[in-house]
Amino acid sequence: NQFKIPHPFGKIYFGIEDIVPYENEVFIDCGSFTGNTIANFLTWCKGTYKKIYAIEPDPESFQLLQQSMEAKHVKNIHLINNGVWSCTAALPFYKDGELSSFCQDAYFLSPHPAKVYVNTIDNIAHDDAVTFIKMDIQGGELEALKGAADTIVKRKPRLAISVYHKPKDIIEIPLFIHNLIPDYKFYLR
């Protein structure tokens, strides 16, 4: 009760005044959950965009995402029931149908993890002129950025990347991005 956050999902990725929509946005939403960020993206760009990639590995959340996008009649959207990573693979996966599903590593292993197939953003986007990438993937952001390096260097999309899941992310993720494109500006929310 010490903090007042009236709209925690409101403009979380689209509230910086210096970042305005482009005419033909190609938006990649990594960790789409049930589509709340896509709904905010559509409002932000006033429904004018070229393509959306909605990537959600959790099967329960993915089903809700599909239903939500169909109900909203979202066009030019590619729904992908995989994760994103630095390579293509099948990884151990903790799934709960909520916001906390994630690829597992040595820090946390449930006794019977599920498997999730992962791909790189470079493979998914191919030659699309990606303009915006959002990642909130429960600690997998750095690995996913490694798999998006070619896209980032070639297209220079705006990036909204969560850096709070692992203690080192707040340092390692900006350094990784800076090494790819030194002239990027960084904002922390």
Side-chain angles (χ1 to χ4, degrees), residues 3 5 7-22 24-33 36-38 40-41 43-45 49 51-58 80 82-89 91 93-94 99-108 116 118-189:
F3 297 94
I5 304 173
H7 304 289
F9 293 109
K11 295 182 177 181
I12 194 166
Y13 301 110
F14 308 105
I16 297 173
E17 290 180 14
D18 293 347
I19 300 174
V20 296
Y22 296 157
N24 290 307
E25 290 284 350
V26 176
F27 178 54
I28 299 180
D29 184 10
C30 304
S32 293
F33 188 47
N36 52 332
T37 300
I38 293 169
N40 292 329
F41 168 77
T43 299
W44 176 71
C45 71
Y49 62 94
K51 189 183 292 185
I52 299 171
Y53 291 93
I55 304 168
E56 175 55 50
D58 187 287
I80 301 168
N82 286 335
V84 285
W85 204 250
S86 56
C87 61
T88 57
L91 299 177
F93 186 64
Y94 171 78
L99 287 167
S100 57
S101 298
F102 61 95
C103 291
Q104 297 180 283
D105 56 25
Y107 298 108
F108 179 90
V116 65
V118 293
N119 201 346
T120 67
I121 288 176
D122 291 339
N123 286 341
I124 291 168
H126 300 290
D127 289 327
D128 270 340
V130 176
T131 59
F132 201 116
I133 299 172
K134 168 260 179 181
M135 285 184 195
D136 189 349
I137 53 174
Q138 308 306 309
E141 288 84 3
L142 184 56
E143 286 301 312
L145 284 166
K146 291 175 184 177
D150 290 343
T151 300
I152 293 168
V153 168
K154 186 175 182 181
R155 301 298 182 181
K156 297 178 178 61
R158 280 89 32 97
L159 304 171
I161 312 297
S162 294
V163 295
Y164 65 91
H165 294 108
K166 293 180 177 177
K168 291 181 179 181
D169 281 352
I170 198 165
I171 296 167
E172 290 179 344
I173 290 173
L175 285 175
F176 178 80
I177 295 167
H178 178 75
N179 285 332
L180 291 177
I181 305 192
D183 60 339
Y184 260 18
K185 291 182 183 178
F186 292 84
Y187 301 84
L188 182 64
R189 295 194 61 177

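Note that the structure is predicted; figures quoted are calculated from it, not measured.
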Visitor: To the nearest 0.5 angstrom, please state how far the CG atom of L180 sits from the CG atom of L145.
Guide: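 One finds 8.0 Å between CG of L180 and CG of L145.
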Visitor: Start with the C-alpha gap between D127 and K154, add the side-chain angles, then the distance that decides, and say whether salt bridge (charged side-chain N to carboxylate O under 4.0 Å, His left out) holds.
Guide: CA-CA 9 Å; D127 289 327; K154 186 175 182 181; 3.4 Å; yes
Visitor: So, for C30 and I121, which heavy atoms are closest and what is the spacing to 0.1 Å?
Guide: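 Distance-wise, the nearest heavy atoms are SG-CD1, 3.6 Å.
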Visitor: Taking all heavy atoms of G83 and all of P57, pick out the closest pair and write down the distance.
Guide: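 Looking at all heavy atoms of both residues, the shortest contact is N-CB, 3.8 Å.
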Visitor: Indicate yes or no: does R158 engage E25 in a salt bridge with an N to O separation below 4.0 Å.
Guide: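 Here R158 pairs with E25 in a salt bridge, since their nearest N and O are under 4.0 Å apart.
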Visitor: With a 4.5 Å cut-off on side-chain heavy atoms, are V163 and L188 touching?
Guide: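 A side-chain contact exists here, since the closest heavy-atom pair is under 4.5 Å.
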Visitor: Mind telling me whether F41 and F27 have parallel, tilted or perpendicular rings, with 30° and 60° as the class edges?
Guide: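 Because their plane-to-plane angle is under 30°, the rings of F27 and F41 count as parallel.
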Visitor: So with a 6.0 Å cut-off around CG of N179, is the heavy-atom count from everything else above 12?
Guide: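 Count over threshold, so yes.
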Visitor: Hey, is the main chain of I161 close enough, under 3.5 Å, to the side chain of E141 for a donor-acceptor pair?
Guide: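 Judged by distance alone, no pair lies under 3.5 Å.
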Visitor: Drop me the distance from I55's CD1 to M135's CE, to the nearest 0.5 angstrom.
Guide: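 I55 atom CD1 to M135 atom CE measures 8.0 Å (nearest 0.5 Å).
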Visitor: Between CD1 of I80 and CG of N82, what distance do you get to the nearest 0.5 Å?
Guide: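 I80 atom CD1 to N82 atom CG measures 7.5 Å (nearest 0.5 Å).
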Visitor: CD1/I170 to NE2/H165 distance, rounded to the nearest 0.5 angstrom?
Guide: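 Rounded to the nearest 0.5 Å, the CD1-NE2 separation comes out at 12.5 Å.
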Visitor: Does any donor atom in the side chain of T37 or D29 lie under 3.5 Å from an acceptor atom in the other side chain?
Guide: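 No.
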Visitor: Is the backbone of C87 close enough, under 3.5 Å, to the side chain of T120 for a donor and an acceptor to pair up by distance?
Guide: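 Checked: no pair found.
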Visitor: If you round to the nearest 0.5 Å, how far is CG of D128 from CG of N24?
Guide: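 Rounded to the nearest 0.5 Å, the CG-CG separation comes out at 11.0 Å.
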Visitor: Please check: side-chain N/O of D169 versus main-chain N/O of Y164, any donor-acceptor pairing under 3.5 Å?
Guide: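 Checking the backbone N and O of Y164 against the side chain of D169, no donor-acceptor pair under 3.5 Å is found.
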Visitor: Examine the side chains of N40 and T43 and answer whether a donor and an acceptor come within less than 3.5 Å of each other.
Guide: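 N40 vs T43: no donor-acceptor pair found between side chains.
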Visitor: To the nearest 0.5 Å, what is the distance between NE2 (H178) and OH (Y184)?
Guide: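 Going from NE2 on H178 over to OH on Y184, the span is 13.0 Å.
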Visitor: Say whether, by atom type as modelled, one donor and one acceptor occur between the side chain of K134 and the main chain of I38 under 3.5 angstrom.
Guide: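 Such a contact is absent between K134 side chain and I38 backbone.
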Visitor: In the structure I gave you, are the side-chain heavy atoms of F33 and D58 within less than 4.5 Å of one another anywhere?
Guide: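 No; the side chains remain at least 4.5 Å from each other.
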Visitor: Using only atom types and a distance under 3.5 Å, with no angle test, would you say the side chain of N123 pairs donor to acceptor with the backbone of N119?
Guide: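 No: the side chain of N123 does not pair with the backbone of N119.
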Visitor: Does any N or O in the side chain of T131 come within less than 3.5 Å of the main-chain N or O of V26, such that one atom is a donor and the other an acceptor?
Guide: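 At least one qualifying donor-acceptor pair exists.
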Visitor: Compare all side-chain heavy atoms of I28 with those of F132 and state whether any distance is below 4.5 angstrom.
Guide: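 SC-SC contact between I28 and F132 ruled out.
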Visitor: Could you check whether any side-chain heavy atom of S162 comes within less than 4.5 Å of a side-chain heavy atom of Y13, counting everything from C-beta outward?
Guide: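 Answer yes - side chains close enough.
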Visitor: Taking the side chain as everything from C-beta on, heavy atoms only, tell me whether W44 gets closer than 4.5 Å to I19.
Guide: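 In short, these two side chains touch, coming nearer than 4.5 Å.
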Visitor: Would a distance-only check, ignoring hydrogens and angles, find a side-chain to backbone donor-acceptor pair under 3.5 Å from R155 to D150?
Guide: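 Not at all, since once roles are kept as given, no pair shorter than 3.5 Å links the two residues.
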Visitor: Side chains of V116 and V118, heavy atoms from C-beta outward: is any pair under 4.5 Å?
Guide: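 They are in contact (side-chain heavy atoms under 4.5 Å apart), so the answer is yes.
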Visitor: With the side chain counted from C-beta on, respond yes when I152 and I177 share a heavy-atom pair under 4.5 Å apart, and no when they do not.
Guide: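 A side-chain contact is absent here, since even the closest heavy-atom pair is not under 4.5 Å.
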Visitor: So which atom in S32 and which in A54 form the shortest heavy-atom distance, rounded to 0.1 Å?
Guide: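 Here S32 and A54 meet closest at OG-CA, 3.3 Å.
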